[in-house]
There are 2 protein chains.
Amino acid sequence: MAISNSNNRFSSKLTSQYQNCSLSALCLPIALADEDVNRLDQIIERKRPLKKGELLFHQGEEFDSVFAVRTGTLKTFNITNSGEEQITGFYCPSELVGLSGIDENHYPVSAKALETTTVCEIPFSHLEQLSSQIPSLKHQLFRLMSRKICDDQQMMVLLGKKNADEKVASFLLNLSHRFKKRGYSATAFRLSMSRGEIGNYLGLAVETVSRVMTRFQKNGLIDVDGKEISIIDMAEMEKLVGASSECATIEHV
Amino acid sequence: MAISNSNNRFSSKLTSQYQNCSLSALCLPIALADEDVNRLDQIIERKRPLKKGELLFHQGEEFDSVFAVRTGTLKTFNITNSGEEQITGFYCPSELVGLSGIDENHYPVSAKALETTTVCEIPFSHLEQLSSQIPSLKHQLFRLMSRKICDDQQMMVLLGKKNADEKVASFLLNLSHRFKKRGYSATAFRLSMSRGEIGNYLGLAVETVSRVMTRFQKNGLIDVDGKEISIIDMAEMEKLVGASSECATIEHV
DNA sequence: TCCAATTCTTGATCTATATCAGCAAGTGAA
DNA sequence: TTCACTTGCTGATATAGATCAAGAATTGGA
């Protein structure tokens with residue numbers, strides 16, 4: 001609560017540290033005229049880093065901003081009536097979280113940092129106003145929301161139709177694509193979430209995630225060392241996932 | 001193809017038949033000034049009815065419009081690489097289909113009529129332009145997309161965490177809420193989709209859907225007569241579903 | 001209205017994955 | 001460093017729901 005409501009800017013030292021990085025270009029990847037970039041920058045607030053486990057916002061809280069992840073990772077989740085957590089998404093740098101709150105004006109999920117995480121806060125009412133003046137910004141917003149719908153529907157296919165092997169392979173390749181898009185290695189990366197969180201997200205028991213990964217390693221598909229993952233046989237992994245996933249296979253922006 | 005690309009207006013006879021129904025108010029439920037309603041009406045095209053089984057658009061086809069269902073029902077689906085159909089949603093009257101096409105400028109799914117169905121075609125580029133001039137329209141669009149994201153995430157929870165009973169109960173209550181919202185009975189309605197389609201959508205085998213419904217009937221929760229469903233014990237059904245579903249429980253618009 | 005094709009239902013089995021259990025390996029606080 | 005706690009791995013067993021099979025009920029076309 002305290003955290004997500006604190007809109008304080010950083011101290012001048014930290015602010016200046018970020019000033020000449022084209023922040024908004026990162027947050028909302030889009031080609032804008034310089035003056036528009038400035039206008040966008042003016043409404044964006046840098047927040048203090050979240051420590052692992054801290055909430056960015058929580059389920060039911062009033063919606064007023066979307067957030068762009070700068071560094072670190074977030075998860076969003078629901079608490080179901082039976083008290084268990086259901087993870088609905090993981091958010092890596094450059095990804096936008098909070099869009100689901102627009103409709104009801106309340107966040108329908110909570111967002112929690114999986115590691116030390118920094119975000120930009122973008123007050124939605126300002127963003128919406130600005131989008132009236134900058135058509136390409138409005139279009140980009142529509143696109144981002146459309147992509148989210150598309151991605152979520154792929155996730156529905158995964159949950160409804162795929163077996164444990166396909167789920168885990170899809171998950172790892174999806175992360176791989178997201179890292180690659182950001183300019184990081186597509187074949188070697190660190191999982192910021194636990195096995196339990198992966199299982200929760202994929203609709204699998206922890207033990208199943210563990211077993212599948214071990215078997216993938218045994219079969220030379222990947223190399224696992226705790227949270228460090230290397231994809232060894234990308235072709236075979238892609239074969240497992242199948243050429244499906246309309247949304248996921250196309251590289252964005 | 002032919003169908004989804006034909007933007008021909010109806011003959012004058014049909015057009016006049018619809019002219020004095022406030023069409024846009026139905027398509028995009030929103031309070032607009034009269035002049036704005038007219039502007040919206042001008043960009044909306046009524047299409048000839050689709051017969052059962054006809055495609056409104058298909059996976060991969062270029063995106064140019066979203067569609068509001070007027071009467072009947074649609075399903076959207078992917079064809080997976082293994083050739084099977086995966087249904088990603090059902091669309092009842094007043095609901096908007098096609099939003100997932102904005103991002104890539106191609107529909108990532110196909111949309112097929114489950115029965116004779118009429119839709120309004122809303123060319124998205126026009127809608128987007130108009131939304132610049134009518135802020136409340138833009139906001140409504142953001143809300144609709146946000147709600148879709150929210151609903152899809154509830155669906156992910158359903159697919160990932162719920163058992164067969166909970167899935168079927170959730171499905172029936174979700175339909176019930178949607179009918180109620182439109183002014184129809186929340187307790188007695190007709191399923192326009194087959195058991196097979198329900199199972200496909202819920203990640204269950206046809207047989208399981210059949211068995212669960214039979215058991216629900218035996219236990220006095222519902223009454224089933226082919227495609228006619230009556231919800232007898234609403235309280236018990238809601239208990240089955242659980243008080244979860246942030247998005248679904250709140251009545252919209 | 002009749003026949004063929006589809007859809008639905010019900011029962012019998014099978015299986016992928018959950019659950020249970022116990023141990024190993026990290027991780028963090030004092 | 002040690003201890004308590006969490007996270008991860010692996011084997012044994014249980015089970016929800018899939019699959020297989022066959023008959024019943026609908027549906028739709030001629």
Side-chain angles (χ1 to χ4, degrees), chain A residues 51-54 73 75 80 82 84-87 112 114-116 158-172 190-219 222-229 240, chain B residues 51-54 73 75 82 84-87 112-116 158-172 190-219 222-229 240:
Chain A
K51 278 180 292 193
K52 179 173 175 173
E54 273 188 301
T73 323
K75 67 174 173 184
T80 68
S82 45
E84 31 171 16
E85 175 175 315
Q86 167 65 46
I87 296 173
K112 184 181 268 190
L114 295 181
E115 57 193 320
T116 303
L158 177 145
L159 289 168
K161 284 277 178 299
K162 296 189 177 181
N163 63 28
D165 284 13
E166 292 166 342
K167 284 179 178 180
V168 173
S170 298
F171 177 73
L172 293 176
R190 176 166 218 285
L191 300 174
S192 45
M193 64 292 290
S194 70
R195 301 289 192 272
E197 286 167 328
I198 295 172
N200 182 302
Y201 180 60
L202 296 178
L204 295 173
V206 201
E207 295 93 326
T208 305
V209 175
S210 192
R211 276 186 254 266
V212 170
M213 286 195 169
T214 303
R215 184 154 34 77
F216 279 0
Q217 178 162 39
K218 220 171 273 172
N219 296 341
I222 61 175
D223 192 70
V224 187
D225 177 19
K227 296 198 179 281
E228 299 293 336
I229 300 286
L240 253 179
Chain B
K51 279 180 293 194
K52 179 174 177 173
E54 274 189 302
T73 323
K75 67 173 173 185
S82 45
E84 33 172 14
E85 175 175 316
Q86 166 66 45
I87 297 173
K112 185 181 268 191
L114 294 181
E115 57 192 319
T116 302
L158 178 144
L159 289 168
K161 285 276 178 299
K162 296 189 177 181
N163 64 27
D165 283 13
E166 292 165 341
K167 284 180 179 180
V168 173
S170 298
F171 177 72
L172 293 176
R190 178 165 218 285
L191 300 174
S192 45
M193 64 293 289
S194 70
R195 302 287 192 273
E197 287 167 328
I198 296 172
N200 182 303
Y201 179 60
L202 296 179
L204 295 173
V206 200
E207 295 93 327
T208 305
V209 175
S210 191
R211 276 186 254 267
V212 170
M213 285 194 171
T214 303
R215 185 153 35 76
F216 278 1
Q217 179 163 37
K218 219 172 276 171
N219 297 342
I222 61 176
D223 192 69
V224 186
D225 176 18
K227 295 197 179 282
E228 300 294 336
I229 299 285
L240 254 178

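Order of the sequence lines fixes the chain letters, A, B, ..., with proteins taken first and strands second; residue numbering starts at 1 for each chain. Remember, it's a predicted structure, so these values are computed and weren't measured experimentally.
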Handout entry: Interatomic distance where CG belongs to B:L191 and P belongs to C:dT7 [whole Å]
Key = 15 Å
Practice task
Output all residues satisfying side chain to side chain donor-acceptor pair (under 3.5 Å) with A:D223, sequence neighbours left out; order by chain, then residue number.
Solution key: A:Q217
Problem - Listed once per pair and sorted, the salt bridge (Lys or Arg N to Asp or Glu O under 4.0 Å) pairs that draw on residues 193-204 of chain A, sequence neighbours left out - result: A:K75-A:E197
Practice task
Under the salt bridge (Lys or Arg N to Asp or Glu O under 4.0 Å) rule, collect the residues that match up with A:D165, sequence neighbours excluded.
Solution key: A:R215
Practice task
State which residues pass side-chain contact (heavy atoms from CB on, under 4.5 Å) with A:S192; sequence neighbours excluded, sorted by chain then number.
Solution key: A:T73, A:L114, A:E115
Practice task
Check every strand shown and say whether B:S210 touches a base, only sugar-phosphate, or nothing at a heavy-atom separation below 4.0 Å.
Solution key: base
Exercise for the section: Determine the contact category for B:G226: base if any of its heavy atoms lies under 4.0 Å from a base atom, sugar-phosphate if only primed atoms, P, OP1 or OP2 are that close, otherwise nothing. Expected result: nothing
Handout entry: Counterpart residues, salt bridge (Lys or Arg N to Asp or Glu O under 4.0 Å), relative to A:E228 (two or more places apart)
Key = A:R190
Problem - With sequence neighbours excluded, residues passing salt bridge (Lys or Arg N to Asp or Glu O under 4.0 Å) with B:E207 - result: none
Practice task
Find the distance B:E115:CD to D:dT27:P and express it as a whole number of Å.
Solution key: 13 Å
Practice task
Check side-chain contact (heavy atoms from CB on, under 4.5 Å) between B:A169 and all other residues, then give those that pass, not counting sequence neighbours.
Solution key: B:F216, B:M237, B:L240, B:V241
Completion exercise
Overall bend of the helix from C:dT1-D:dA30 to C:dA30-D:dT1 (five pairs an end, 10° steps) is 60°
Practice task
Using a 4.0 Å cut-off on protein heavy atoms (strictly under), produce a 5'-to-3' string for nucleotides 14-20 of chain D with B for base contact, S for backbone-only sugar-phosphate contact, and - for none.
Solution key: ---SSBB
Exercise for the section: Quick one, give me the B/S/- string for nucleotides 22-30 of chain C, reading 5' to 3', where B means a protein heavy atom under 4.0 Å from the base and S means that only happens at the primed atoms, P, OP1 or OP2. Expected result: ---------
Exercise for the section: Would you mind classifying the nucleic acid contact of A:K227 as base, sugar-phosphate or nothing, using non-hydrogen atoms under 4.0 angstrom? Expected result: sugar-phosphate
Problem - Distance, rounded to the nearest Å, where B:E197 contributes CD and C:dC8 contributes C1' - result: 13 Å
Exercise for the section: Output yes when a side-chain donor or acceptor of B:K161 lies under 3.5 Å from a complementary backbone atom of A:N200, and no otherwise. Expected result: yes
Problem - Separation of C:dA16 P from A:K161 NZ (nearest whole Å) - result: 17 Å
